Amino acid sequence: MAVCIAVIAKENYPLYIRSVPTQGELKFHYTVHTSLDVVEEKISGVGKALADQRELYLGLLYPTEDYKVYGYVTNSKVKFVIVVDSSNASLRDNEIRSMFRKLHNSFTDVMCNPFYNPGDPIQSKAFDSIVSAMMVQAC
Amino acid sequence: MESLTLSDVEQKYYSELFLSCDVDNTKKVASNGKVLDLFRAAQLSNEVVLQITELCGATRLGHFGRSQFYIALKLIALAQSGMPLRVETLNSVRDLPLPRFVMGKNEQEPRHAVMFADAENQGHYFPRPPLRVQAKKVSAHEMIQPCVPTADPQPDTTSPVVSPHQSPPTSPHAWRKHKRQASGGNVDRQPSVPGVVWPSFREAQPGPVTGDGMWSAHSPPPVQETWVSFTDTPPSSTLPMHPPSAQPESTTVRTGMSAMITNEIQRQTSGYDDPWKITDEQRQYYINQFKTIQPDLTGLIPGSAAKEFFTKSKLPILELSHIWELSDFDKDGALTLDEFCAAFHLVVARKNGYDLPEKLPESLMPKLIDLDDSAGVPEPATEVSFSASPVEVTPNKSPSMPSLNQNWPELNQNNEDTAIVHPVPIRMTPSKIHMQEMELKRTGSDHTHPTSPLMANPPELSDETKLAASIKFPGTSVGDGYSSSDSFTSDQEPISSAVNRQRSHSGTSPEGLKVVAPPPPPPRPHASHSRSSSLDMNRNFAAVPAAGSQQPGVVAFPPAVPPRPLPTQTSVPHGHRSVEGDGLPAHTSTSPHQMPEQPNFADFSQFQAFAVDQPEDDEENPSDSGQAERCPEAAGTMRTTKNDVQAEERNATTVNSAKVSTPLAPPPKPVRRRLKSEDELRPDVEDLPQKSNVIATVLATQPSIPRSIGKDKKAIQASIRRNKETNTVLARLNSELQQQLKDLLEERISLEVQLEQLRPFSHL
């Protein structure tokens with residue numbers, strides 16, 4: 001279960017960020033922000049024109065003492081960042097991938113909404129519910 | 001008629017009352033009856049009531065139309081508040097309390113009253129701009145319309161306005177809403193319902209939907225009543241759109257909605273439906289709107305077009321976004337007709353103050369059109385209740401199937417159990433046994449018969465035999481007793497093994513008649529330990545009423561090849577057998593059949609009687625072929641036991657001591673019985689006569705029976721006693737042997753299974 005989930009727009013500003021409120025959310029925000037550098041690195045490193053699932057999923061961006069940060073980028077350069085607690089029985093890679101897949105699907109649904117302007121903060125309740133489901137339950 | 005402006009609350013209240021009075025749904029309430037009662041319940045003097053009636057125009061019309069009714073209610077409120085009854089005052093009075101009816105004809109009335117009080121307490125949730133009155137007027141006008149079409153022309157003029165009163169949303173129905181009043185209110189009222197709009201509304205028959213007052217925005221799972229009132233109150237049609245700015249576009253949209261709403265009012269009969277249900281009128285309106293955007297009803301409205309359309313509703317983008325999420329079922333960014341209707345409906349509801357649901361209500365789910373394309377795809381994201389139904393169906397079916405299957409085997413067990421129960425008492429008297437057997441035969445049902453043991457037996461033997469056995473049964477009383485014992489053995493067989501059981505199922509029906517002897521002990525699945533089976537047998541025998549002192553001896557037989565009975569004995573009985581005829585051989589033959597063609601069979605061949613059975617055996621063999629493996633051992637043992645029994649039997653006959661012979665005697669009978677099971681028909685028939693023969697021989701061979709007349713009675717009685725004893729002993733032995741047979745069959749089955757398991761390897 002994630003402790004923090006963030007959706008970063010192409011211009012690297014957050015469209016959506018939600019954390020488990022146990023720890024200072026600011027810390028998570030900072031972590032996500034710093035992880036963007038790693039994401040950029042990985043994106044630029046990948047020179048392929050085609051972006052397959054694997055490339056969308058960036059994997060572990062970097063681990064810290066408390067948590068691990070995973071990244072995922074969409075074709076439109078929208079980035080998803082998931083921060084996972086290290087102490088948490090380490091989630092397998094597949095689980096992280098599935099979490100990103102769900103995020104991506106929800107994000108797509110939000111995009112489909114004509115009333116949503118790309119670039120606006122995501123305020124979809126459906127998206128919220130999906131994210132909440134993925135967050136750490138025990139708060 | 002003057003148009004009447006009502007506050008939302010009043011609107012709702014009145015509509016409820018109207019509904020309550022309008023029992024025949026004619027939209028017109030007879031001037032008498034309930035209406036008058038209602039009015040009287042207002043605790044007004046009769047003259048006041050009459051005055052009101054007159055004022056509202058009911059006297060003119062002769063009945064209370066909706067508008068008249070509403071006017072009357074308003075007048076009652078006026079009267080109750082002590083104001084003079086004037087038509088003019090109707091609209092001018094603000095904050096008029098709702099008319100109170102003591103009798104509470106309408107259930108809702110008290111609630112309304114309560115709600116009203118609450119509403120008051122809570123204050124005006126939505127301040128009602130005076131202009132709304134105008135809108136209300138329109139709505140009132142709408143209301144009137146059904147009754148008095150001619151009244152139409154007033155719309156604008158009415159405005160004198162009145163502002164309605166209490167704004168608040170406590171719609172009578174909305175007690176729920178009531179609670180949420182505080183929460184709700186996103187919807188602002190549109191300050192002005194432009195009179196200009198009115199005419200356009202009129203055409204459409206709409207009034208702007210006023211939603212605001214109605215429901216102060218709660219998204220309560222709108223109770224149907226609330227919904228009803230929603231639709232019902234056109235006044236609400238002055239849905240003030242959220243955005244304060246009144247824009248013609250939005251009004252047109254509203255117009256449409258209000259039109260629908262007014263339509264709803266007219267139709268409103270059901271108030272007790274799903275609040276989110278789209279009425280036909282509404283749907284028709286939605287469809288018309290859909291056509292304006294997308295002429296093809298099966299087509300899709302692209303998201304942008306839908307966005308523009310719904311933006312006209314002046315709902316906040318966030319809410320529109322939410323509505324979109326709810327309604328775009330397939331998440332394709334476009335709206336099908338169903339989705340569009342759902343979205344539109346949600347917009348209307350929202351405008352009227354309903355809170356948007358978290359999940360799409362079922363009634364709004366796009367099930368109607370093209371389920372394959374759009375709605376068919378259950379989108380779990382937002383809609384939750386979707387697709388519950390299709391999934392549920394199948395699982396329901398499946399459980400039933402296995403249950404059916406399960407019943408079957410259970411029956412067998414049940415039968416066996418019951419069989420176990422039955423035989424015990426039965427055995428005592430041959431006649432009883434016979435009767436029971438008869439019954440069994442008649443009932444002839446499959447497993448359900450207690451005599452399942454018999455049934456079990458036959459199946460193994462052969463279906464043919466079953467019939468024969470059943471037929472034969474009705475025969476002899478003596479035979480019955482034996483048959484019971486046979487059935488007992490047969491029981492053991494099926495009980496012991498699943499295979500047997502299956503056979504019994506097949507065969508049992510016709511046969512099951514042998515009531516038999518102690519029902520074999522509950523099937524023991526052990527893969528056969530002969531010893532264990534013998535223990536079981538012990539138990540069985542214990543159950544056997546017969547004084548089975550010899551049981552242990554019999555028990556010893558089955559496990560291993562039972563010691564061959566004295567050949568002499570066998571020969572002797574054999575001789576008798578031959579005398580007895582086919583029956584015994586038939587039995588013996590059946591046993592060998594069960595275990596097809598075993599060398600043991602040869603044992604029997606020693607006996608002429610058995611030899612005779614061979615043809616029968618041949619017949620039976622095919623049916624029993626399957627059992628070959630198992631049978632051999634069992635057959636061998638059984639046969640030997642049978643032989644022993646027969647030998648014993650013969651010995652008994654020769655010896656004249658029933659007791660001595662009893663151990664022996666019974667076995668032959670079981671053998672016979674087995675034959676019966678195989679050839680139900682023949683063996684049974686044969687057995688019975690044979691048994692009788694046996695008995696006869698027993699009797700005959702008992703030299704001790706003096707034939708002298710004087711002693712005849714005693715002799716006969718003695719012989720009878722001996723015979724009975726013999727019978728019991730034989731029966732017991734029979735049961736024991738059958739049990740042993742079953743055990744052996746179990747073993748056989750287990751061996752067969754092992755063999756099969758080994759076989760594939762051998763093939764490899």
Side-chain angles (χ1 to χ4, degrees), chain A residues 1-2 5-10 13-18 53 56-57 72 74-78 80 82 94-137 139, chain B residues 186 219 242-243 293-294 300-336 339-340 342-344 346-347 350 355-361 366 374 377-386:
Chain A
M1 290 302 151
I5 293 177
V7 177
I8 317 290
K10 178 178 176 183
Y13 64 88
L15 295 176
Y16 181 89
I17 181 164
R18 169 156 348 156
Q53 185 68 20
L56 295 180
Y57 175 71
Y72 182 98
T74 68
N75 292 335
S76 56
K77 297 291 186 272
V78 175
F80 299 123
I82 292 182
N94 271 347
E95 294 174 11
I96 304 288
R97 281 180 193 267
S98 70
M99 285 166 72
F100 275 125
R101 205 172 308 123
K102 273 194 282 187
L103 267 180
H104 198 170
N105 287 336
S106 305
F107 181 73
T108 312
D109 292 341
V110 170
M111 281 293 147
C112 280
N113 191 337
F115 297 101
Y116 171 78
N117 299 319
D120 289 348
I122 296 175
Q123 288 164 330
S124 159
K125 293 182 190 170
F127 190 80
D128 282 346
S129 64
I130 297 281
V131 170
S132 302
M134 288 168 33
M135 301 285 286
V136 174
Q137 301 307 326
C139 288
Chain B
N186 305 341
S219 51
H242 180 67
I293 306 175
Q294 167 67 277
L300 299 173
I301 291 184
S304 54
K307 176 179 178 180
E308 290 176 17
F309 183 81
F310 287 114
T311 307
K312 294 182 199 171
S313 68
K314 302 302 171 192
L315 285 180
I317 295 293
L318 185 60
E319 295 188 6
L320 289 173
S321 175
H322 187 71
I323 288 173
W324 176 273
E325 282 181 356
L326 291 177
S327 58
D328 187 7
F329 208 68
D330 47 3
K331 298 286 181 275
D332 58 355
L335 296 181
T336 63
E339 293 173 343
F340 178 82
F344 209 154
L346 287 171
V347 169
R350 190 73 182 105
D355 278 349
L356 293 176
E358 290 301 321
K359 306 164 218 170
L360 192 65
S374 56
V377 179
E379 286 296 335
T382 53
E383 292 77 9
V384 172
S385 55
F386 178 80

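Note that the coordinates shown come from a computational prediction; the quantities given were computed from them, not determined experimentally. Keep in mind that the numbers below use all heavy atoms, side chains included, and drop hydrogens, waters and symmetry copies. Per chain, numbering begins at 1; letters A, B, ... match sequence-line order.
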- Item | Spacing of CD belonging to B:Glu325 relative to OG belonging to A:Ser124, to within rounding of 0.5 Å |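 The CD atom of B:Glu325 sits 2.5 Å away from the OG atom of A:Ser124.
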- Query: So what's closer than 4.5 Å to chain B heavy atoms on A:Asp120: side chain, backbone, both or neither?
  - Reply: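 Contact with chain B is absent: no heavy atom of A:Asp120 under 4.5 Å.
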- Message: Testing the basics here: between A:Phe115 and B:Ile317, what is the closest heavy-atom pair and its distance to 0.1 Å?
- Response: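 Result for this residue pair: O-CG2, 3.4 Å.
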- Message: Please find the pair of heavy atoms, one from B:Ser304 and one from A:Pro114, that lie closest to each other, and give the distance.
- Response: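 Between these two residues, the closest heavy atoms are N-CB, 4.2 Å.
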- Message: Between A:Asn113 (side chain only) and B:Ser321 (backbone N and O only), is there a donor and an acceptor less than 3.5 Å apart?
- Response: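 Yes, A:Asn113 side chain to B:Ser321 backbone: donor-acceptor pair under 3.5 Å.
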- A:Lys125 side chain reached by B:Leu326 side chain, heavy atoms, under 4.5 Å: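 A side-chain contact under 4.5 Å is absent here.
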- Can you say whether B:Leu318 sits under 4.5 Å from chain A via the side chain, the backbone, both, or neither, judging by heavy atoms?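 Contact with chain A: side chain only.
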